[in-house]
J.: 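There's a structure below that I have some questions on.
A, B, ... follow the sequence lines: proteins, then strands. Residue 1 opens every chain. What you see below is based on every heavy atom in this structure, not just the backbone, and it leaves out hydrogens, waters and symmetry mates.
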There are 2 protein chains.
Amino acid sequence: MPARRRSPGTPPITRERVLDAAIQLADEGGVEGLSMRRLGTALGVQAMSLYNHVPNKDAVVHAILDRVVDEIRRPARDTPWREAQRDRARSAREVYTRHPWAMELITARTQPGLATLLHHDAILGNLRTNGFPLPLAAHAIALLDAYVFGAVLQELALPFQSPEEDAPVAEEVMAAFPADQAPFLLEMITDHAMQPGYAFTDEFDWGLELVLDGLERRLTP
Amino acid sequence: MPARRRSPGTPPITRERVLDAAIQLADEGGVEGLSMRRLGTALGVQAMSLYNHVPNKDAVVHAILDRVVDEIRRPARDTPWREAQRDRARSAREVYTRHPWAMELITARTQPGLATLLHHDAILGNLRTNGFPLPLAAHAIALLDAYVFGAVLQELALPFQSPEEDAPVAEEVMAAFPADQAPFLLEMITDHAMQPGYAFTDEFDWGLELVLDGLERRLTP
DNA sequence: ACCTGAACACCGTTCAAGT
DNA sequence: ACCTGAACACCGTTCAAGT
């Protein structure tokens, strides 16, 4: 088949459409579902055509990660810091659990994108405007960001979301459990995490409040 | 060439030797340096031979992740909780920064290995023995682990370790910086992170102590 | 029991060739 | 300017064949 112009109905391929399709592909098939070849066919084109709009796969990954960060609500400068930071932390958790592939890719990222820089600037702007001295603001953003990332990582590693809806999976996990070697872990799972009503969201909020408490105490001793 | 027995000097290939080589390969070349074919040649054998000792690549990844966790110091049950938890958190950070590939792989892991279970059991055992009620112990392990993971993730994403030794890299990063759009971030970098004497380790310890303070306060109100 | 070569179904990317 | 097919250098894994 010779190279030919696209059929009249098909929209032109642009960098934006490539990134849209890449996010959709990753949402559906995870990191391993995202390949240049599949990305091409999703856009009705050969993989090699993509290189007219994007330098390589790394650039695609870089760009879609920055788009994910752009989905997170950014704190306004003049909102009271505690509610602003709590809201952005919760928003970040929600966005990352909605795009689980982002966590896998972000560990390999070298340079932050523009949206990521603006996001961090907004966090710092809110803290500085609300009276955080520079060193404390630096500590605060590192701590808050570390907590959010780590908590999302934990959540994605959980074999099930709630004991109620995933009883068969829960039983399967427990069948292979070395009960006699890990009695404290067993206790925690059976008497706490597997209890009805347990939700990891509550765990996230509990830790977040502890962190915010600590920052407040260091801001106004 | 026909299939032949290994030459007299060569040690036999075992599961243990495969895992040793896999860790070494990942330490040297990162996640993308770890392939079954390269693993084979590192052991002086074809990639296909590895399948006699290991079911597939996923099993290799699973096993070497568990080995990394096994390197982390486990808290003793009867050590005072605050120093025990601080020590294990620092040890975890040290181990993960020494095996940066582990962070990339752990996000894709589904089931924890035996060492990982024992490690968590030791953390919980120390907390429970030191008077933490079950729900508080559950919150504590989630919070501490999230913080360590997130902080390591941040550290690995830093473009340079210290401003002193990586001045050219620092300048290159700053050249592309959108100074007018991100004034607060610019301030933090130039007036804080790029100052001589800044070390991310201090940032880690600062956050860790805040977390431990918060736990102590909730343990003894 | 253990190792091999060939094969299959995939990758990312380059390049000359088409329109 | 944009798209194509062929090619290159890689992947993980299966399988029949060797010793």
J.: What is the distance, rounded to the nearest whole Å, between atom CG of N52(B) and atom C1' of dC2(C)?
T.: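 That distance rounds to 5 Å.
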J.: Determine which pairs satisfy ring-ring contact (aromatic ring centres under 6.0 Å, His included) with at least one residue from residues 32-71 of chain B, sequence neighbours left out, and list them in order.
T.: none
J.: Which pairs with one or both residues in residues 139-152 of chain B pass salt bridge (Lys or Arg N to Asp or Glu O under 4.0 Å), sequence neighbours excluded?
T.: R88(B)-D145(B)
J.: I'd like to check the salt bridge (Lys or Arg N to Asp or Glu O under 4.0 Å) partners of D205(B); sequence neighbours left out, ordered by chain and number.
T.: R90(B)
J.: Using whole Å, report how far CD1 of I13(B) lies from C1' of dC2(C).
T.: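 These atoms are roughly 9 Å apart.
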J.: Using side-chain hydrogen bond (donor to acceptor under 3.5 Å, both in side chains) as the criterion, list what pairs up with E28(B), not counting sequence neighbours.
T.: Q24(B)
J.: Let me have the donor-acceptor pairs involving side chains of residues 176-189 of chain A, under 3.5 Å, with sequence neighbours excluded, atom names and distances please.
T.:
residue: E187(A); atom: OE1; partner: R128(B); partner atom: NE; Å: 2.9
residue: E187(A); atom: OE2; partner: R128(B); partner atom: NH2; Å: 2.8

J.: Taking side-chain hydrogen bond (donor to acceptor under 3.5 Å, both in side chains) as the definition, give me every residue that meets it alongside R73(B), ordered by chain and number, with sequence neighbours left out.
T.: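 side-chain hydrogen bond (donor to acceptor under 3.5 Å, both in side chains) list for R73(B), sorted by chain: D87(B).
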J.: Within this structure, what is the CD-to-P distance between Q46(A) and dC11(C), rounded to whole angstrom?
T.: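 For the pair Q46(A) CD and dC11(C) P, the rounded distance is 13 Å.
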J.: If the cut-off is 4.0 Å, is H53(B) near the phosphate of dA1(C), judged by side-chain N/O to OP1 or OP2?
T.: no
J.: Any ion pair linking R98(A) and E94(A) (charged N to carboxylate O, less than 4.0 Å)?
T.: yes
J.: Which protein N or O atoms sit under 3.5 Å from an N or O of nucleotides 12-14 of chain C?
T.:
residue: dG12(C); atom: OP1; partner: M36(A); partner atom: N; Å: 3.1
residue: dG12(C); atom: OP1; partner: K57(A); partner atom: NZ; Å: 3.2
residue: dG12(C); atom: OP2; partner: M36(A); partner atom: N; Å: 2.9
residue: dG12(C); atom: N7; partner: R37(A); partner atom: NH1; Å: 2.3
residue: dG12(C); atom: O6; partner: R37(A); partner atom: NH1; Å: 3.2
residue: dT13(C); atom: OP2; partner: Y51(A); partner atom: OH; Å: 2.8
residue: dT13(C); atom: OP2; partner: K57(A); partner atom: N; Å: 2.9
residue: dT13(C); atom: O5'; partner: Y51(A); partner atom: OH; Å: 3.4

J.: In residues 103-116 of chain A, what donor-acceptor pairs under 3.5 Å come from side-chain atoms, sequence neighbours left out?
T.:
residue: T107(A); atom: OG1; partner: E104(A); partner atom: O; Å: 3.0
residue: T116(A); atom: OG1; partner: D66(A); partner atom: OD1; Å: 2.7

J.: Among pairs that include at least one residue of residues 84-122 of chain B, which meet ring-ring contact (aromatic ring centres under 6.0 Å, His included), considering only residues two or more places apart or in two chains?
T.: Y96(B)-F149(B), H99(B)-W101(B)
J.: Could you tell me how far apart L50(B) (CG) and dT4(C) (C1') are, to the nearest whole angstrom?
T.: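 Going from L50(B) (CG) to dT4(C) (C1'), I get 13 Å.
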J.: Indicate the ring-plane relationship of Y147(B) and F204(B), choosing parallel, tilted or perpendicular according to the 30° and 60° boundaries.
T.: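 The arrangement is parallel - the two ring planes meet at less than 30°.
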J.: Quick one: which residue pairs count as a salt bridge (Lys or Arg N to Asp or Glu O under 4.0 Å) with a foot in residues 39-59 of chain B, not counting sequence neighbours?
T.: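 The answer is none; no pair qualifies.
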J.: State the dot-bracket string of DNA chain C. Criteria: Watson-Crick or G-U wobble, both atom distances under 3.5 angstrom; notation: ( ) intrastrand, [ ] crossing earlier pairs, | interstrand, . unpaired.
T.: ||.|||||...|||||.||
J.: Give, ordered by number, those residues of residues 15-30 of chain B having at least one heavy-atom distance below 4.0 Å to an atom of DNA chain C; if nothing qualifies, reply none.
T.: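 Output list: empty, so none.
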